Visitor: 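Handing you this structure, nothing more for now.
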Amino acid sequence: MSNKSYIDLYGTYEDYIETAEQFDQSLFQDVYFSLYKALSSILTKREHKRGDIITVFGERGSGKTSLLLSFVNSLMSAEKRQKFMGKVIGEERCKRICGGVNFSVMENLDASMMDSSEDIFDILLSRMLKRIDKCLDDEACEERKDGKIRYDILQDFDDIYKIHQQIKRQKSVGSEKEILDGYSSLSALRNFQDSLELNRKFEKLVENYLNKLFDNNTMWGEQQNYLIVPVDDLDMNSENGFESLEQIYRYVAVKNVIVIVAVKYNQIMQLAEKNGYKLYSESKIRLNDNKIKYIYDYAKEYLAKLLPIQNRVYMPDMVVHQREIREKWYTKEKIGENEVSEKTVRESILFKIKDKTGMYFHMCGESMHILEAESLRELRGYYGYLDSQLKTVPLEEVIKNENGRER
């Protein structure tokens, strides 16, 4: 953590999106550095056969969503992302790695808002289709409105969606009889769909999809196009959050796709353990300590596979680092930059109390806080306000209790 970090709390009470220019003095500066290091490592190994998953771990309310959105937004501007990455890995290395790199950033997918009937892969396909429809219909893409090009990529979407629906139906089937019902054995086998085929088709779709979005009359080998998929709060979806994570690993994380997941570790671990307990859900085997430990180890190892350890970054601990945080405090009478001052978090909170209530507190944080009133009327007003907010002890009882202790 740097010696001085800044957070702007003035009039901001929801997700706060920082620009790349603010990363240097951000509260999350170290996390941005770690994210860009992970990104540079991915871009360096361009021979990857699979996609990559970057994980942001943090507690509830630690700022994961704000950081996630700020980071992916910074990737949209080649100039801004290269400028910051140059500070992280060096300008010369950045030029070699980032030359010819394009990022298509999908809208943040908040998994906590997903209905139990919704499917994360279907949602992603739908968003990609809407974007490619707009691209194909755009007047600026007139040369790409060739009928065969349009047919081929839309047919790819159709094929992948059909395969995925068939796989879901196969998973929900309860018996072999239902699989073969209405089919001969060979017919059922011909209609059988597998995840590997879906994985291959989606990888090809991503390649064609990115080529359409970034078509600049260059060959595929001369540029590197990536699809960025931000996913937030998977762990908050208790019904199918872990199943969605498995889908991301199996289907979405293909070549030239970078998925960025923001979760709380303990909660996603609990979902992984819950998935492990399914191994025994239909049996009458009593779970002893050995089996419980086996499920825990299984869940931990499986999670390490789905969310690779080398691509994990961690949010800062507010309790530990709050003394290093400064707020840019704007006065009501702000005229120019001279009216802006810096305050610590403690000072900001106490000044906010002073601004709203007129009550002053010791700025150094001593145990005794001093209320300073300018008149007796003001002092009585403060006590009236406190009486309306808190249950106070009458003065007579205080004196009586003090006298009792003295005896």
Side-chain angles (χ1 to χ4, degrees), residues 38 50-62 64-65 68 106-127 160 163-174 193-196 198-199 202 228-254 257-283 285 287 291-315:
R50 281 189 55 84
D52 292 90
I53 300 176
I54 300 175
T55 312
V56 180
F57 284 121
E59 295 297 313
R60 292 275 159 259
S62 60
K64 295 190 300 298
T65 299
L68 178 66
M106 300 299 296
E107 180 184 351
N108 181 41
L109 203 163
D110 187 346
S112 67
M113 301 296 290
M114 285 173 51
D115 188 278
S116 58
S117 62
E118 289 182 308
D119 184 289
I120 197 167
F121 186 68
D122 289 343
I123 292 174
L124 177 60
L125 275 181
S126 174
R127 291 182 177 182
I160 289 173
I163 293 173
H164 189 221
Q165 301 313 303
Q166 180 67 14
I167 289 174
K168 288 195 290 186
R169 283 195 294 271
Q170 288 166 184
K171 286 181 66 176
S172 65
V173 167
Q193 303 292 348
D194 66 81
S195 297
L196 291 176
L198 179 60
N199 183 277
F202 184 67
I228 304 295
V229 182
V231 182
D232 194 19
D233 285 338
L234 263 178
D235 53 314
M236 291 288 285
N237 191 324
S238 59
E239 292 189 29
N240 57 5
F242 193 79
E243 289 75 9
S244 296
L245 179 57
E246 289 182 307
Q247 274 195 3
I248 290 172
Y249 179 80
R250 290 173 182 168
Y251 308 144
V252 180
V254 298
V257 173
I258 301 173
V259 184
I260 307 166
V261 179
V263 293
K264 178 180 177 180
Y265 179 80
N266 290 342
Q267 201 151 331
I268 197 67
M269 182 62 183
Q270 287 177 2
L271 294 184
E273 289 184 81
K274 181 180 176 182
N275 179 70
Y277 277 107
K278 291 179 182 178
L279 298 172
Y280 299 94
S281 61
E282 296 180 359
S283 69
I285 301 175
L287 293 178
K291 289 186 174 62
I292 292 174
K293 185 179 184 305
Y294 168 78
I295 291 173
Y296 174 83
D297 292 340
Y298 160 82
K300 187 176 181 180
E301 291 174 11
Y302 193 24
L303 199 59
K305 180 178 181 179
L306 301 182
L307 302 175
I309 295 174
Q310 68 272 20
N311 287 341
R312 295 179 179 183
V313 300
Y314 299 88
M315 299 297 292

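Here the structure is a predicted model, which is why all the values come from computation and not from measurement.
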Visitor: Within this structure, what is the CD1-CD1 distance for the pair Ile54 and Ile228, rounded to the nearest 0.5 Å?
Guide: 7.5 Å
Visitor: Side chains of Tyr251 and Leu124: does their closest heavy-atom pair fall under 4.5 Å?
Guide: no
Visitor: When rounded to the nearest 0.5 angstrom, what is the spacing between CD1 in Ile120 and CG in Leu109?
Guide: 5.0 Å
Visitor: Donor-acceptor check, side chain of Asp235 to backbone of Lys264, threshold 3.5 angstrom: yes or no?
Guide: yes
Visitor: Between CD1 of Ile292 and CG of Asp297, what distance do you get to the nearest 0.5 Å?
Guide: 12.0 Å
Visitor: Can you find a heavy atom in the side chain of Lys168 that is under 4.5 Å from one in the side chain of His164?
Guide: yes
Visitor: For Met106, is there any backbone N or O sitting under 3.5 Å from a side-chain donor or acceptor partner on Arg127?
Guide: no
Visitor: Please examine the side chains of Leu306 and Ile53, heavy atoms only from C-beta on, and report whether any two atoms are closer than 4.5 Å.
Guide: no
Visitor: Measuring from atom OG1 of Thr55 to atom CD of Gln310, what distance do you get when rounded to the nearest 0.5 angstrom?
Guide: 9.5 Å
Visitor: Please confirm whether the backbone N or O of Asn199 pairs with a side-chain atom of Arg250, one donor and one acceptor, at under 3.5 Å?
Guide: no
Visitor: With a 4.5 Å cut-off on side-chain heavy atoms, are Ile160 and Leu198 touching?
Guide: yes
Visitor: Would you call Asp122 and Gln165 a side-chain contact if the rule is heavy atoms closer than 4.5 Å?
Guide: yes
Visitor: Should Arg60 and Met236 be marked as a side-chain contact (heavy atoms from CB on, under 4.5 Å) after you check the CA-CA gap, both sets of side-chain angles, and the distance that decides it?
Guide: CA-CA 10 Å; Arg60 292 275 159 259; Met236 291 288 285; 3.2 Å; yes
Visitor: Where is the tightest heavy-atom contact between Gly276 and Tyr298, given as atom of each residue plus distance?
Guide: CA-CE2, 3.7 Å
Visitor: So, do Val313 and Phe57 sit near enough that their side-chain heavy atoms are less than 4.5 Å apart?
Guide: no
Visitor: Would a distance-only check, ignoring hydrogens and angles, find a side-chain to backbone donor-acceptor pair under 3.5 Å from Asn240 to Glu243?
Guide: no
Visitor: Roughly how far apart are Met315 CE and Glu59 CD, rounded to 0.5 Å?
Guide: 11.0 Å
Visitor: Identify the heavy atoms of Val257 and Val229 that sit nearest to each other, and give their distance.
Guide: CG1-CG2, 4.2 Å
Visitor: Measuring from Asp232:CG to Asn108:CG, what's the distance to the nearest 0.5 Å?
Guide: 5.0 Å
Visitor: Kindly say whether Ala262 contributes a backbone atom to a donor-acceptor pair with the side chain of Lys64 at under 3.5 angstrom?
Guide: no
Visitor: Taking all atoms of both residues into account, what is the closest heavy-atom pair of Ala253 and Arg50, and its distance?
Guide: O-NH2, 3.2 Å
Visitor: Pick out which of Tyr277, Tyr302, Tyr249 makes a ring pair (Phe, Tyr, Trp, His ring centres under 6.0 Å) with Phe242.
Guide: Tyr302
Visitor: Side chains of Leu303 and Leu245: does their closest heavy-atom pair fall under 4.5 Å?
Guide: yes
Visitor: Treating Asn237 as the side-chain partner and Ala111 as the backbone partner, does any N or O pair qualify as donor plus acceptor under 3.5 Å?
Guide: yes
Visitor: Evaluate the side-chain proximity of Tyr265 to Arg312: yes if any heavy-atom separation is below 4.5 Å, no if none is.
Guide: yes
